[in-house]
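Here is the structure we will look at.
Protein chains get the first letters and strands the later ones, always in sequence-line order, with residue 1 at the start of each. From a predicted model like this one, the values you see are computed outputs, not experimental measurements.
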Amino acid sequence: MPSVTDEPTNSTIEGKIIWHDLLSDTPAESKIFYNELFGWQFEDVALKTGLFQSINYTLIRHNGKLIGGMVDQTHLETKEDISQWVVLLSVKDIDAAVASFTAQNGTVFAPPTDLADRGKIAIVADPQGALLGLLQTKDGDPLDEQEVDVGGFLWNELWTRDVSEATKFYSRIAQYDAEDRIINKADNSKQNYRLLKTNNTPRAGILTNPVEDLSPTWVSYIRVKNAESLDAIVARVEELGGAILLAPQDRAIGGRVALIAGPSGAGIALQTWSGKPKLTKQ
Amino acid sequence: MLIISKLLKVVVFILIGFGLCSCNNNSNVYASVGVSTGFSSYHHGHRGHGSGPRMRGSISVGGRIR
């Protein structure tokens with residue numbers, strides 16, 4: 001399995017979400033969907049499966065940069081529909097991280113598994129049921145960018161039932177510092193938004209699950225240039241086989257967001273973002 | 001004896017082949033996820049809803065902040 005970076009970085013940024021895998025039962029339609037909406041390019045990887053070469057993993061690039069991968073779910077021996085985006089969290093010691101998941105009543109679906117150049121991966125769920133992957137890279141993690149490209153992954157957020165419990169849980173996996181921001185909503189009410197930070201750099205948000213009938217999950221946001229382009233993207237979702245899960249809406253602190261699903265049902269959020277994200281270098 | 005020898009070669013060949021099966025294949029780790037969660041669970045229970053927004057809720061406080 002290829003590395004998550006084109007060139008070795010030899011840097012581990014524990015607690016950073018460094019990769020996104022799309023599990024899709026409609027890989028051909030998914031390629032068209034994301035290419036049309038965000039300009040992503042797809043690069044099939046030939047993998048040895050026994051005596052044969054099989055293509056069931058595809059690298060995703062945006063503006064030439066690696067941003068994720070896609071797994072053809074139809075090749076998996078699973079009866080359940082597991083189509084979704086999976087975030088992969090960087091850890092320095094995957095055995096210790098998995099042990100922490102087990103000790104804290106998390107679920108380990110796949111124990112640490114060696115994926116050659118990629119490093120070691122484990123597939124787990126936190127105690128509230130949110131699925132994610134842990135990755136101990138072999139050649140290092142993608143370095144922090146000063147600016148995320150339009151069409152790239154901008155942010156990751158955990159939608160959960162109990163924010164405090166989730167904070168405690170993940171802070172034992174990586175050395176996160178929690179920071180709360182109070183957001184003034186349009187109806188003059190206030191809502192808390194929790195940031196998980198490492199080395200004073202925001203890595204993810206935690207939010208009480210804001211939608212009905214959805215079990216706890218990690219949600220990734222794609223950067224969109226402005227409100228007009230966000231609305232234009234959402235307008236094309238259904239013709240490309242996707243679904244609008246939450247229509248475009250203004251954010252309480254400015255900007256615009258929407259929640260959509262690709263042809264396989266994997267949900268992903270869109271967010272307008274202008275200017276350079278405020279990042280602290282490692 | 002010749003037939004047994006050939007059969008043994010075939011068996012060894014197959015075993016080596018299967019030995020390679022579990023190596024370096026990212027998809028194998030996801031096969032272990034035997035339950036629908038998050039959006040996959042929602043999608044499974046809400047297929048065929050037609051067009052238009054399908055969830056109830058708001059993410060006006062969600063997303064990256066500076």
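- For A/Arg236, the salt bridge (charged side-chain N to carboxylate O under 4.0 Å, His left out) partners at least two apart in sequence or on another chain are A/Glu36, A/Glu239.
- Closest of all the heavy-atom pairs between A/Phe109 and B/Val33 is CD2-CA, 4.0 Å.
- Put simply, the side chain of B/Arg54 never gets that close to the backbone of A/Ala243: no donor and acceptor are under 3.5 Å apart.
- Counting only distance, with no hydrogens or angles, the side chain of A/Ser215 and the backbone of B/Gly38 share a donor-acceptor pair below 3.5 Å.
- Taking OH of B/Tyr30 as the reference point, atom CD1 of A/Ile123 lies at 4.0 Å (rounded to 0.5 Å).
- Looking only at side-chain heavy atoms (C-beta outward), A/Val211 and B/Arg56 stay at 4.5 Å or farther from each other.
- Around atom CG of A/Asp187, more than 12 heavy atoms belonging to other residues, nucleotides or ligands sit under 6.0 Å away.
- Separation of atoms OG (B/Ser32) and CD1 (A/Ile82) is listed at 8.0 Å; rounding is to 0.5 Å.
- Residues B/Phe39 and A/Trp218 come closest through the heavy atom pair CE1-O, 4.4 Å.
- At least one side-chain heavy atom of A/Gln249 sits less than 4.5 Å from a side-chain heavy atom of B/Ile59.
- Residues B/Val29 and A/Ala110 approach most closely at O-CB, 3.6 Å, considering heavy atoms.
- A/Asp231 is linked by a side chain to side chain contact (heavy atoms under 4.5 Å, CB included) to A/Pro248, A/Arg256, counting only residues two or more places apart in sequence or in another chain.
- When atom types are taken as modelled, the side chain of A/Glu157 and the backbone of B/Gly63 share a donor-acceptor pair closer than 3.5 angstrom.
- Among the candidates A/Ile260, A/Asp250, A/Leu259, the residue making the largest number of heavy-atom pairs closer than 4.5 Å to chain B is A/Leu259.
- Panel note: side chain A/Gln271, backbone B/Arg64; a donor-acceptor pair is recorded below 3.5 Å.
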